[in-house]
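Accompanying notes for the structure given below.
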Protein chains: 2
Amino acid sequence: MKYGLYFKKIYNSMLLINQLSKRTNIPIHTIRYYERYGLFEGRKETSVKSNNYSWYDENVVEKLELIKEAKEVGFSLSEIKELIDAWHGNRLTVDQKKAVLSNKIKEIEDKIQHLKEVKKLLQQGIEDVEALLC
Amino acid sequence: MKYGLYFKKIYNSMLLINQLSKRTNIPIHTIRYYERYGLFEGRKETSVKSNNYSWYDENVVEKLELIKEAKEVGFSLSEIKELIDAWHGNRLTVDQKKAVLSNKIKEIEDKIQHLKEVKKLLQQGIEDVEALLC
DNA sequence: TTGAAGTATAAACCATACTTCATACTTTAT
DNA sequence: ATAAAGTATGAAGTATGGTTTATACTTCAA
């Protein structure tokens with residue numbers, strides 16, 4: 001039995017970057033960019049293998065989904081990093097973590113308000129167009 | 001009576017770029033950038049004055065407010081331009097304009113959904129942190 | 001066993017959305 | 001009358017978030 005297969009048996013929930021990319025629909029290079037940015041880490045199993053490949057777990061998949069959603073609605077990578085650090089890091093106290101998360105929830109509520117306002121503007125736009133006002 | 005004052009009396013609702021900047025809280029340079037990008041136009045009253053200054057009306061103020069809100073929630077300038085063109089341009093038929101605006105409204109609804117999902121994730125995050133799960 | 005596909009790393013390049021700099025003209029305040 | 005402030009224009013520079021290119025090693029399938 002090859003190392004590869006043995007490894008896969010134990011780490012059968014772990015993904016190589018290619019699978020991770022397909023699973024999340026994020027290009028490999030972008031995933032690497034995010035990793036270098038410090039948004040998550042893959043694990044290199046040097047004790048078992050010598051190939052230097054990185055393996056990613058479900059946790060990383062979840063983080064990537066969060067990143068996608070958050071970017072979609074206008075959060076920057078540094079904001080997202082702050083969020084992930086609060087959630088999974090060890091640098092902050094429990095209260096500080098909760099504060100970071102609560103603040104971001106507040107910002108999200110603001111953004112929802114903004115979106116509703118833009119939506120209202122566009123609905124007004126449709127009415128204008130219908131009334132041939134422009 | 002100077003030209004300037006005379007002009008202001010007639011165009012008392014028109015703004016110079018400085019006033020426009022203060023009114024909208026958008027830097028002068030950014031406003032010029034947006035104008036060059038084609039998001040709106042100031043008017044040069046060469047018949048009355050020779051100074052080449054641009055004057056901006058309420059319409060421009062409204063557009064800038066729309067731009068601010070839309071950017072805040074992750075729309076790009078080119079998307080915003082498309083929107084403004086649909087609304088105020090002459091290139092499209094009424095039905096085409098309505099289609100552009102409706103599509104964008106649909107996207108906004110999607111974004112609101114995304115935001116609600118991210119919010120849910122963060123609320124879960126708070127619970128995790130409280131339960132000392134990370 | 002060998003060629004195709006996958007992985008790692010670094011560096012250069014790119015698009016978007018500004019920001020800064022430089023130059024020159026106009027208006028306004030004193 | 002003149003200095004300070006405002007305006008116009010063009011070009012270069014910057015930050016963010018990637019993408020592309022190049023090189024080299026590893027694994028896998030036939």
Side-chain angles (χ1 to χ4, degrees), chain A residues 1-8 11 14-46 48-56 60 64 67-82 84, chain B residues 1-8 11 14-46 48-56 60 64 67-82 84:
Chain A
M1 186 182 241
K2 284 186 179 177
Y3 274 144
L5 292 178
Y6 173 68
F7 192 79
K8 269 186 188 162
Y11 290 82
M14 305 280 277
L15 307 170
L16 280 175
I17 195 150
N18 192 352
Q19 308 166 290
L20 183 60
S21 169
K22 278 170 184 144
R23 178 85 177 273
T24 58
N25 256 309
I26 297 174
I28 288 179
H29 281 296
T30 305
I31 291 174
R32 290 217 172 94
Y33 176 77
Y34 290 162
E35 183 168 7
R36 213 163 57 248
Y37 196 98
L39 298 177
F40 55 81
E41 276 182 19
R43 277 168 48 201
K44 311 211 165 190
E45 294 298 326
T46 46
V48 181
K49 298 178 69 55
S50 58
N51 64 7
N52 204 29
Y53 289 4
S54 284
W55 297 82
Y56 303 92
V60 172
L64 283 172
I67 292 167
K68 263 209 295 195
E69 303 252 35
K71 279 190 50 56
E72 171 67 29
V73 293
F75 287 113
S76 69
L77 288 187
S78 79
E79 288 177 293
I80 293 168
K81 179 162 163 48
E82 184 193 17
I84 287 178
Chain B
M1 187 183 239
K2 283 186 179 176
Y3 274 144
L5 292 178
Y6 174 67
F7 192 79
K8 268 187 190 162
Y11 290 81
M14 304 280 277
L15 307 169
L16 279 175
I17 195 150
N18 192 352
Q19 306 165 290
L20 182 60
S21 167
K22 278 171 184 144
R23 178 87 176 273
T24 58
N25 256 309
I26 297 175
I28 289 179
H29 282 295
T30 306
I31 292 174
R32 291 218 170 94
Y33 176 77
Y34 289 162
E35 183 168 8
R36 214 164 55 249
Y37 196 97
L39 298 177
F40 54 82
E41 275 183 19
R43 278 169 46 199
K44 311 212 164 190
E45 294 298 327
T46 46
V48 182
K49 299 179 67 60
S50 58
N51 65 6
N52 203 29
Y53 288 5
S54 284
W55 297 82
Y56 302 91
V60 172
L64 283 172
I67 293 167
K68 262 208 296 196
E69 302 251 35
K71 279 189 50 56
E72 171 67 30
V73 292
F75 288 112
S76 69
L77 289 187
S78 79
E79 287 177 294
I80 294 168
K81 178 161 165 45
E82 184 193 16
I84 287 177

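Sequence lines set the chain letters: A, B, ... in the order given, protein chains first and strands last, and positions in each chain run from 1.
One interatomic measurement links the two molecules: CH2 of Trp55(A) to C1' of dT7(C), which rounds to 11 Å at whole-angstrom precision. In this structure, the CZ atom of Phe75(B) is 13 Å from the P atom of dA17(C), given to the nearest Å. In this structure, Lys22(B) places its NZ atom 12 Å from P of dA5(D), rounding to the nearest Å. We find that CG of Leu16(B) is positioned 12 Å from C1' of dA8(D), with the value rounded to whole Å. Nucleotide dG6(D) holds its P atom 15 Å from the CG atom of Leu20(B), rounded to whole Å. Look at CD on Glu35(B): it is 13 Å from P on dT7(D), rounded to the nearest Å. Protein atom CD of Gln19(A) is 17 Å distant from nucleotide atom P of dA5(C), rounded to whole Å. Between the CD1 atom of Ile31(B) and the C1' atom of dT9(D) there is a distance of 16 Å, rounded to whole Å.
The phosphate of dC25(C) (OP1 or OP2) has no side-chain N or O of Asn52(B) nearer than 4.0 angstrom. Remark: Lys44(A) is not in phosphate contact with dT7(C), judged by side-chain N or O atoms under 4.0 Å from OP1 or OP2. For the pair Thr30(A) and dT19(D), the criterion of a side-chain N or O lying under 4.0 Å from OP1 or OP2 is met. Here Tyr34(B) reaches the OP1 or OP2 of dC18(C): one of its side-chain N or O atoms lies under 4.0 Å away. At the phosphate of dT7(C), neither OP1 nor OP2 sits under 4.0 Å from any side-chain N or O atom of Ser54(A). Contact annotation: Asn51(B) side-chain N/O to dT27(C) OP1/OP2 distance is under 4.0 Å. Between Tyr33(A) and dT16(D), a side-chain N or O to OP1/OP2 separation shorter than 4.0 Å is absent.
Only one option out of Ile26(B), Thr30(B), Asn25(B) pairs with Leu64(B) in a side chain to side chain contact (heavy atoms under 4.5 Å, CB included); it is Ile26(B).
With hydrogens and angles left out, the side chain of Tyr53(A) and the base of dG6(C) share a donor-acceptor pair within 3.5 Å.
Once rounded to the nearest 0.5 Å, the distance linking OG1 of Thr24(B) with NZ of Lys68(B) reads 6.0 Å. Note that the CD atom of Glu82(A) and the CD1 atom of Ile80(A) stand 11.0 Å from one another [nearest 0.5 Å].
For Ile28(A), counting side-chain heavy atoms from C-beta on, the closest listed nucleotide (dT19(D), dT7(C), dA8(C)) is dT7(C).
For Arg43(B) and Glu41(B), the salt-bridge test fails: no basic side-chain N is under 4.0 Å from an acidic carboxylate O.
Nearest approach of Leu20(A) to Tyr56(A), heavy atoms of both residues: CD2-CG, 3.5 Å.
Nearer to the 5' terminus of DNA chain D, by closest-nucleotide assignment, is the contact made by Arg32(B) (compared with the other of Arg32(B) and Arg36(B)). Each of His29(B) and Ser76(B) was matched to the nucleotide of DNA chain C holding its nearest heavy atom; the match closer to the 5' end belongs to Ser76(B).
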